[in-house]
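Notes follow the structure.
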Amino acid sequence: MTSRTDIFSNLSARQKEAVQHTGGPLLIVAGPGSGKTRVIAHRIAYLVSVEGIAPWRILAVTFTNKAARELRERAEGLVGGANSGLQVRTFHSFCALVLRRDGGRIGLDSAFSIYDADDQQRLVRDILEELELDPKQFAPRAILAGISDAKNKMIDDSRLSKLTKSYFEEVVARVYARYTELLGTANAVDFDDLLLRAHTLFEDHADVLETYQDRYRHVLVDEFQDTNAIQFSLARLLAAKHRNICVVGDPDQSIYSWRHADIRNLTDFQTVYPDAKVVTLDQSYRSTQTILEAASGVIANNDERLKKDLWTDNGRGSPVTVGEAYDEDEEARVVLQEINRLVDEEKYDRSEIAVMYRTNAQSRAMEAACNRHGIAYQLVGGTKFYERKEIRDTVAYLRLIVNPADDAALQRIVNVPARGISPRSVDIIRSIARSRGTSMLGVILLAGDERADDEDQGLAGALNKRALKSVRAFADLMERLIEQSIVLSVVELIDLTLERSGYKRLVQEDKERGEERWDNILELRGSASTFDGPEPRERLIEFLENVALVSDVDSLEDDQDAITLITLHQAKGLEYDAVFMIGLEEGLLPHSRSMESVADLEEERRLCYVGMTRARNRLYMFHAFQRGFRGSRGAMLPSRFLDEIPPGCVETVSIRRNTRRIGAGGARSYDPESIKRRAAAPAQAKARTGAFRVADRVTHDTFGEGIVIEAVESGGDTEVTVAFGSGNGLKKLMADFSGLKKVVPTDSTAASREDPELGDAFLDAP
DNA sequence: TTCCCCACCCATTGG
DNA sequence: GGGTGGGGAA
């Protein structure tokens, strides 16, 4: 047990207030770096040590498993006891727990599968075929988005069918109905269902809800600004009895509206709980004054916002460095050179440096550069481990063993390795299963049972002899594996499955990537070893649930001597000594798909804000003149967010001109209409016109060097739009008339390597 | 039935 | 740049 003074040591007055308010609802509005995780951990410790609440009576919900793990360790460290029974989970994992335990009440078998995005797509494709609808006209993605929308509004399929306003919506409703039915026969749920069905369970079965209400005296929700309506409702239901609900959030960091997160939860909290105490934490213990000022300057441009002034006792620190590069390769190179400098000269720890970007695709150039320069990195996401084919296949076998009704898993591996069950045979099996309202493995197992031949004219009659034999062999295989799953440990079962199914041989026979793929499987096997124990089937279910619910950041390790490459979304909640944000360009950040509405644009700005406020000491923001995407390239304009940074906080570095200018922010000017056009139609950047081409580097006597971003033939001459560097902005010129000259070569790598001006302090070659 | 290749289509962010 | 689906050859 920790003494009361330990729990309060190093807490500010505000933080103490938040820790100590334990009776009734509490809303903590916590700016970036204001020590909210600390407050939550101390609050838990206070509840346990001072108020004598048993740890297992406290439920804390976080955004990722990693955050959950860290909070649990921190809180248990404070109260001095591991495995205290303290419940720290994500909403999804909490709901899965509830459904495993009590899902029977709503007709869910405890061995239910969790369908991921891929399984969902497959299912929707099947349904479209069944309904004779063209998947080109009705994109499965769009339909799934429609279904997800409905689920998040708690609208079931029968109600949705009455609300349709267009033919498309009607299709969505029809698919939704069938989708629900088929998830039912597959004993499966999707991600939305985890929340929704737990919610339904609580609403429809008061006794079940009461068990949980009685157990959890205190409910805490972190990252509350990114919870959705169902999550808030779940939290309210759980806390209804004791009313000890504490939520922590920052409206300026709400970045998941596209996943139905609803920022209104924060404002509604006070309506739902009029007596809620509100504590605002606005002192940052993380960033320098300069970084804070820069970030505040950007976020201040959001209109839909409650004003909040962050302050800090930290020093001013270095200015925010804004840099420009020719293209993504040069950008990557310059970033790495500066990272090397920070590590060598300023003794930064590589593990305390992160490169952040808007889209995953941007990691490629960074990775390539890291590999070229021999710099160790941790990539978050990327080719996600659990999405690799060999991993998904292995997991599909296990899923099918646990839940034989899991048609998505079956269809994945029924003919992997090839065992003579053709797509045609699979179609037949599926249609028989559908017409009987059973699972596909059910149909297959019947066909494998000689005694069932008479009554099973369906499959035995529909398949030719050879195919039927193959199907029976598969039935035998699965039957054996299912039998063994009762006695074998997870690891043993994985071994047996890989051996008997022939999957091991299949992978190892792959000459090119076999070794790597087998290593991946071994890694999966390794992670299964922690799920050893009595009742192996239960452990297997746990293991599979873990696999389904991991997030990419969960595997991020803090103590590796490697820099981190991460998307801005995933960086939420993390912090680093030095942060490099790359790709600060119109169309990328803000993203072109988010530039149509003010709400979307403001979310992009919050995303930018989240990135900036991850930094403790140093913040770098880069943009490139040109960037490749989908095989082609296009000219890019600096992000408007760069112009929003107060000039006093910025140091601009021009790579090409070997200059550093203090306070150069806001000097740029450009035509917003042209930005919109460019963002909307990046393909037109490829158009070739006359002697001047989009993306050509050019020089002009007065304006200096620039990049052609638009070229239109006009009466013998070419009207070009050029983005000039160093604050000259966009200019429209008649090419010949103005004496514009092309700069050759345009090959970026060669050009910048040969450029003597590159000997900037910034650019000492590694 | 399987395997390979090519054409085509797609691509923001993620539990 | 990459994944997938369809078609054709073995």
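Basis for what follows: all heavy atoms, side chains included, without hydrogens, waters or symmetry-related copies. First the proteins, then the strands, lettered A, B, ... as listed; each starts at 1.
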request  = Taking atom types as modelled, find out whether A:E603 and A:S257 have a side-chain donor-acceptor pair closer than 3.5 angstrom.
outcome  = yes
ask   = Just checking, any donor-acceptor pair under 3.5 angstrom between side chains of A:Y609 and A:Q253?
value = no
For the side chain of [X], counting heavy atoms from C-beta on, which of [options] is nearest?
X: A:K136; options: B:dT2, B:dT13, B:dC9; value: B:dC9
X: A:H569; options: B:dG14, C:dG1, B:dG15; value: B:dG14
X: A:S425; options: B:dG15, B:dT1, B:dT13; value: B:dT1
X: A:N360; options: B:dG14, B:dG15, C:dG5; value: B:dG14
X: A:R125; options: C:dG5, B:dT1, B:dT13; value: C:dG5
X: A:D552; options: B:dT13, B:dT1, B:dG15; value: B:dG15

request  = For A:A117, answer base if it contacts any base atom (sugar-phosphate contacts may also be present), sugar-phosphate if it contacts only those atoms, and nothing otherwise; contact means non-hydrogen atoms under 4.0 Å.
outcome  = nothing
inquiry  = Just to be sure I understand the rule, does A:N415 reach a base, reach only the sugar-phosphate, or reach nothing, if contact means heavy atoms closer than 4.0 Å?
reply    = sugar-phosphate
query = Taking all atoms of both residues into account, what is the closest heavy-atom pair of A:F474 and A:I444, and its distance?
reply = CD2-CG2, 4.1 Å
request  = Can you see which heavy atom on A:L568 is nearest to which on A:M356, and at what distance?
outcome  = CD2-CB, 3.7 Å
inquiry  = Is A:Q570 close enough to B:dT13 that one of its side-chain N or O atoms is under 4.0 Å from OP1 or OP2 there?
reply    = no
query = Pick the nucleotide of DNA chain B nearest each of A:T567 and A:R419; which residue has the one closer to the 5' end?
reply = A:R419
key: Contact nearer the 5' end of DNA chain B, comparing A:R424 with A:S551   = A:R424
ask   = Stacking between A:F91 and the base of B:dG15 (centre distance under 5.5 Å, interplanar angle under 30°)?
value = no
ask   = Is A:W258 stacked on the base of B:dT13, with ring centres under 5.5 Å apart and planes under 30° apart?
value = yes
What is the distance, rounded to the nearest whole Å, between atom [atom1] of [X] and atom [atom2] of [N]?
X: A:R122; N: C:dG5; atom1: CZ; atom2: P; value: 9 Å
X: A:D119; N: B:dG14; atom1: CG; atom2: P; value: 19 Å
X: A:I421; N: B:dC3; atom1: CD1; atom2: C1'; value: 17 Å
X: A:R259; N: B:dT13; atom1: CZ; atom2: P; value: 13 Å
X: A:L607; N: B:dG14; atom1: CG; atom2: C1'; value: 13 Å
X: A:H260; N: B:dT13; atom1: NE2; atom2: C1'; value: 14 Å
X: A:L196; N: B:dG15; atom1: CG; atom2: C1'; value: 15 Å
X: A:L549; N: B:dG14; atom1: CG; atom2: P; value: 17 Å

message = Taking salt bridge (charged side-chain N to carboxylate O under 4.0 Å, His left out) as the criterion, tell me which of A:R399, A:R412, A:R122 meets it with A:D406.
response = A:R399
ask   = Is it true that atom CD of A:E596 has more than 12 heavy atoms of other residues, nucleotides or ligands lying nearer than 6.0 Å?
value = no
note = For C:dG6, the nucleotide meeting Watson-Crick or G-U wobble distances (both under 3.5 Å) is B:dC5
